[in-house]
Amino acid sequence: MEINEANLQQLAGYLQQTLSPDPNIRRPAEKLLESIEAERHYPVLLLNLIDKNDMDVTTRVAGSIAFKNYIKRNWAAHEDSDGPDKIHSEDREAIKKLIVNLMLRSAPALQKQLSDAVSIIGKHDFPNKWPYLIDEMVEKFSTGDFNVINGVLQTAHLLFKRYRYEFKSQALWEEIKFVLDRISKPLTDLLLATMQLRKAHENNVEALRVIYGSLVLVCKVFLSLNSQDLPEFFEDNMPTWMKAFHELLTVDVACLHTGENEEAGVLEHLRSQICENIGLYAQMYNEEFGAYMETFVTAVWELLLRTGMQPKYDALVSNALQFLSVVAERNHYRKIFENPEILANICEGVVIPNLDFRQSDEELFEDSPEEYIRRDIEGSDVDTRRRAACDLVKTLSQNFEDKIFAIFGRYLEILLNKYKENPTLNWKAKDTAIYLVTSFASRGGTQKHGVTQVSELVPLPEFCAQQIIPELERANINEVPVLKSAALKFVMVFRSLLGQQTLLICMPHLIRHLAAESVVVHSYAACAIERILAMRDPSNNLLMTPQLLAPFTNDLLARLFATLTLPGSTENEYVMKAIMRSFYSLQEGTLPYMEVALPRLTGILSMVAKNPSRPHFNHYLFETLSLVIRIVCNAEPAAVTSFEEVLFPVFQGILQQDILEFMPYVFQMLSLLLEIRENSGSISEPYWALFPCLLAPPLWDRSGNVTPLIRLISAFIKQDSNHVVALGKLSAILGIFQKMIASKSNDHEGFYLLQNLLTYYPLSELQSNMRQIFALLFQRLSLSKTTKYVRGIIVFFCYYASKLGASALVELIDQIQANMFGMVIERVFITDMTKVTTELDRKIVAVGISKILTDCPAMLSQPYVQYWSKLLQSLVELFELPPDKTILDSDNFEPDNAGGGYQAAFSQLTYAQPKVQDLLADISDGRKYLADSLNKLSQSRPGEVSQLVASIGDNYKQALQKYCDEAGVRII
């Protein structure tokens, strides 16, 4: 594809068509762009189009988005599959030479997309394949153009942000050092220059906004560069940075205050980021930061006292409170907080005001219930004031329990008395009281179990009986919904400590609140029910047994389904999860309700399939359907036909309409239905009509489809391989195997498919393809060896030996190359056998290696006899040593489609999981099998085996003798 005006105009036309609301225009254009993106110069042509100022801006923006998605899909695609690189090497170099300058001179809408593209390329190529990137960026600091500088800083932030959370490694250290050596001083100089400009332009509001925007980005980059360890340069220049941080926290800039209540301005963003930065230093570099600790505690404390309650300050207050929590945790700084007057001031001036339920919280509760729930109980990334204040209370109460309890005890009494005076008017006081008790009482817990440890000073059962249960018992479930949600949350949070009887008392009230009008209230009720039903006793049995739930069963299921008809909750994930959990807890107890439940569930599935938008809801819906199938078919296996009649039309619609999000689920459920009917007759015609479609290549290009499709095809092979033979689809299946084996992400799926072919497919049909299959396996082993692949090939070779005989394995490998089996023993079996981890796989390896040692004449003659003792020794190591968890350098690869545009991900359905298959079920103990096999061989060749065994180490002989003793045999 030449870079000329005609091609630019043609490309612009296609991009314009992709913006059309008419799918008949949009989709062909999208397909066409997809088809030409493999052509040489395509990405460079896109960059040229983006750079054309006389081109329509919407077309240029569409081009920038197309370019970013192209980079996402293709830049690293070849690294996993070892297939051809979809981007020509010249185009790669051209992109890297053009993109930074283009990004920096582009308008913000274009700059954003190009900056994302730079960060994607940098993730894979920087620094080794793009060493000049950092120098190219840093030299822009001296331009004085803050639009350019901010573009560079934004890109640096995106590029270095991963340093905050990546695991430590030598490669990461080397990269960070490479960056620090080039950017530390320029970044510090930029900080100082920007601080000076701040003063020079103190009367220019627009200039100050840009300058403060730069300072925000400088602080973000600072956090990334300091997240792994304290760099020597920043330690040496700590006075410079901390002086700037302190000044920016304490000096007010009135002209940057915004009239907004909701949206934070640049000043709030900057101070919030500084609080996050000093929080990092206080937590990780306590000793070096110690000299600044009290200064910053005072600055943050004073900042909190003068900061308002408007939502725009939420992130700032949250980060400031977290900083105080970090400092309060350190024993060395306890003296700062020990003064009773200071503690009282913190509680009164900071904690209590930030625990209060504000007007903005009430608006969020009513207008955006999903966001409210996400922040309140899901632990979202958006840190709330309440959560940060709660964390500070927990920290202070652990170190100063008696003092804090005395202070908060007084407040608790005041709040509850205020509520009693006028419950209708003062309900917020009780809400704060409940939150205060939750914060103070909690001492430890988990997402799964809720709070599991509480302060001994808090009488939890008494508080629950006096303040929580009466709130749930009120007849009007729609009265004061915020208080209802607080009471429901209290039961949910402290469920592990309230005891079975209290929870049984609460259960009917929880069920009753499923009918509440407030989305938050009925969602919390559903969430509380689900989490209580998931609880287990010390013996790991369900705490809420079907017998205990029997009085509530009909009401529970009816109200849960009725909740899905309430406004705002037709796709409520908490309700659907509670339905799923209820079916699991009640099991056969739900059978009488199935006539109502199944039509409702399939109706919901048909509805959401039209526009899948709630992934969690959809997942729990498919889980529930899978569970219903299992429960019913467990009681009546023939009922599988009824499920197929009901579900097949819906599934066919999903597949025909290419609803990407649901296809992985449909394939799992089809596998489940097939596996259930395994012992109840042949596969019906609708399945066979579908089978050829499952082999279509486009389906396999979507990573989410791979695992469920492999399972589904394997189910066809297992149940009626003769029909598969009759359809003549072996070459298509082997094509899928070849695609899987070439992929580092999916090679294990290729081995799973191959094992099923070897087990269930007619060997006479398969045999002629075996040499080519093995050649592909060795090709991948030589080109791209990973731990997972080595593990897979060892297990497969051993299964082949177990199934078809060790001699057949040796002959096949030696047909590919003379004496090649010796290399397999030496470089694969002996070196990597202990990398096999699962019990069933280790048993396959034990049996396969035992057969190679004892049932293969070639192993007892030259050239292979030299490996016999070493191979036996490695097998003993497999039995006696824990699995080898070391990995190869080549294991660091990107999964298929990592970050590459939207694709429906695979999510395993818990209740549709395949049965674990023991391919050698007739052999129970690998050690006994080895001992018996050696005994049998020694009887046929007396003296020869004992001589070979004599050359292994003493420890190995002892272990082998133990196996023989336990098996009641001996080697003669």
#### Entry: side chain to side chain contact (heavy atoms under 4.5 Å, CB included) between Tyr281 and Asn226, worked out
CA-CA 9 Å; Tyr281 265 54; Asn226 284 267; 2.7 Å; yes

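- The shortest heavy-atom contact between Pro708 and Gln668 is CB-CG, 3.7 Å.
- With Arg60 contributing its side chain and Asp56 its backbone, the two residues share no donor-acceptor pair below 3.5 Å.
- Judged by distance alone, the side chain of Asn746 and the main-chain N or O of Glu749 form no donor-acceptor pair under 3.5 Å.
- Between the side chain of Ser318 and the backbone N or O of Asp314, no donor-acceptor pair lies under 3.5 Å.
- The aromatic rings of Tyr132 and Trp130 sit perpendicular to each other, their planes meeting at more than 60°, with 30° as the lower class boundary.
- You'll find the ring centres of His619 and Tyr665 inside the 6.0 Å limit.
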### Task
Report the C-alpha separation of Ser106 and Gln111 in whole Å, then their side-chain angles, then the decisive distance to 0.1 Å, and conclude whether the side-chain hydrogen bond (donor to acceptor under 3.5 Å, both in side chains) test is met.
CA-CA 5 Å; Ser106 296; Gln111 196 175 80; over 6 Å; no

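- Proximity of a side-chain donor or acceptor of Asn319 to a complementary backbone N or O of Glu276 within less than 3.5 Å is not detected.
- For Asn277 (side chain) and Cys219 (main-chain N/O), a donor-acceptor pair under 3.5 Å exists by modelled atom type.
- Separation of the Phe662 and Phe622 ring centroids falls under the 6.0 Å cut-off.
- Glu2 and Asn7 make their closest contact through O-ND2, 2.7 Å (heavy atoms, listed as atom of the first residue, atom of the second, distance).
- Arg92 places none of its side-chain heavy atoms less than 4.5 Å from the side chain of Lys97.
- At a threshold of 4.5 Å between non-hydrogen side-chain atoms, the residues Met740 and Trp700 count as touching.
- Of all the heavy atoms in Ser613 and Glu571, the pair that sits closest is OG-OE1, 3.9 Å.
- At distances below 3.5 Å, not a single donor-acceptor pair connects side-chain atoms of Arg164 with backbone N or O atoms of Gln228.
- Put simply, the side chain of Gln113 never gets that close to the backbone of Ala62: no donor and acceptor are under 3.5 Å apart.
- Here the straight-line distance linking atom OG1 of Thr240 with atom CE of Met195 works out to 10.5 Å at 0.5 Å rounding.
- Residues Trp75 and Asp125 bring a donor and an acceptor atom of their side chains to less than 3.5 Å of each other.
- Judged as a salt bridge (Lys or Arg N to Asp or Glu O under 4.0 Å), the pairs with a partner in residues 31-41 (not counting sequence neighbours) are, in order, Glu37-Arg73, Arg40-Glu90.
- Among all heavy-atom pairs drawn from Ile149 and Gly144, the shortest one is CD1-N, 4.1 Å.
- Formation of a donor-acceptor pair under 3.5 Å by the Ser20 side chain with backbone atoms of Gln17 is not found in this model.
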### Message
Using salt bridge (Lys or Arg N to Asp or Glu O under 4.0 Å), reason through Lys96 and Glu93 one step at a time and then give a plain yes or no.
### Response
CA-CA 5 Å; Lys96 288 190 283 194; Glu93 284 307 309; 3.6 Å; yes

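- Between Thr155 and Ser115, the side chains place a donor N or O and an acceptor N or O closer than 3.5 Å (distance only, hydrogens not considered).
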### Task
Start with the C-alpha gap between Gln273 and Lys220, add the side-chain angles, then the distance that decides, and say whether side chain to side chain contact (heavy atoms under 4.5 Å, CB included) holds.
CA-CA 7 Å; Gln273 187 60 52; Lys220 286 178 182 290; 3.5 Å; yes

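- Met663 places none of its side-chain heavy atoms less than 4.5 Å from the side chain of Leu709.
- Relative ring orientation between Phe222 and Phe234 is described as perpendicular, the plane-to-plane angle rising above 60° on a 0-90° scale split at 30° and 60°.
- The backbone N or O of Lys140 lies less than 3.5 Å from a partner atom in the side chain of Thr143, making a donor-acceptor pair.
- Taken to the nearest 0.5 Å, the CD1 atom of Ile71 stands 7.5 Å off from the CG atom of Asn74.
- Residues Val118 and Leu158 form no side-chain contact, since every pair of their non-hydrogen atoms from C-beta on lies 4.5 Å or further apart.
- Side-chain contact between Met137 and Leu104 is absent, with no heavy-atom pair separated by less than 4.5 Å.
- Screening residues 18-46 for ring pair (Phe, Tyr, Trp, His ring centres under 6.0 Å), with sequence neighbours left out, gives Tyr42-Tyr70.
- Note on Glu206 versus Arg209: salt bridge recorded, some NZ/NE/NH1/NH2 to OD/OE distance being below 4.0 Å.
- Residues meeting the side-chain hydrogen bond (donor to acceptor under 3.5 Å, both in side chains) test with Asn48, sequence neighbours left out: none.
- Considering all non-hydrogen atoms of both residues, Leu15 and Gly63 come closest at CD1-CA, 3.7 Å.
- Between the side chains of Arg198 and Tyr212, a donor-acceptor pair is found at a separation under 3.5 Å.
- With a 4.5 Å cut-off on side-chain heavy atoms, Arg614 and Val608 do not count as touching.
- Judged by distance alone, with hydrogens and angles left aside, the side-chain atoms of Lys788 form a donor-acceptor pair with the main-chain N or O of Lys744 at under 3.5 Å.
- Here CG of Asp116 is found 8.0 Å from CD of Gln154. Values are rounded to the nearest 0.5 Å.
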### Task
Could you go through the side chain to side chain contact (heavy atoms under 4.5 Å, CB included) check for Val100 and Val152 one step at a time?
CA-CA 8 Å; Val100 173; Val152 170; 5.8 Å; no

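- Under 3.5 Å, the side chains of Glu175 and Tyr163 contain a donor-acceptor pair of N or O atoms.
- One finds a salt bridge joining Arg105 and Asp51 here, because a Lys/Arg side-chain nitrogen approaches an Asp/Glu carboxylate oxygen to under 4.0 Å.
- Contact check for Asp747 versus Arg780: side-chain heavy atoms found under the 4.5 Å cut-off.
- Between Arg26 and Asp22 there is no salt bridge, since no side-chain N of the basic residue sits under 4.0 Å from a carboxylate O of the acidic one.
- Between Asp91 and Lys86, no side-chain nitrogen of the basic residue sits less than 4.0 Å from a carboxylate oxygen of the acidic one, so the salt-bridge criterion is not met.
- Salt bridge status for Arg374 with Glu370: absent, with no side-chain N to carboxylate O gap under 4.0 Å.
- Using a 4.0 Å cut-off between a side-chain N of Lys or Arg and a carboxylate O of Asp or Glu, Glu5 and Lys52 qualify as a salt bridge.
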### Message
Pair Asn4, Leu45 - check side chain to side chain contact (heavy atoms under 4.5 Å, CB included), show working.
### Response
CA-CA 8 Å; Asn4 55 41; Leu45 190 69; over 6 Å; no

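- Contact check for Leu187 versus Leu225: side-chain heavy atoms found under the 4.5 Å cut-off.
- With rounding to the nearest 0.5 angstrom, the OG atom of Ser214 is 6.5 Å from the CG atom of Leu190.
- Among all heavy-atom pairs drawn from Leu159 and Gly122, the shortest one is CD1-CA, 3.6 Å.
- For the pair Arg711 and Phe667, the cation-pi criterion (under 6.0 Å, within 45° of the ring axis) is not fulfilled.
- The CD1 atom of Ile741 sits 11.5 Å away from atom OG of Ser784, with the distance rounded to the nearest 0.5 Å.
- Distance check: Leu223 CG to Lys161 NZ gives 10.0 Å after rounding to the nearest 0.5 Å.
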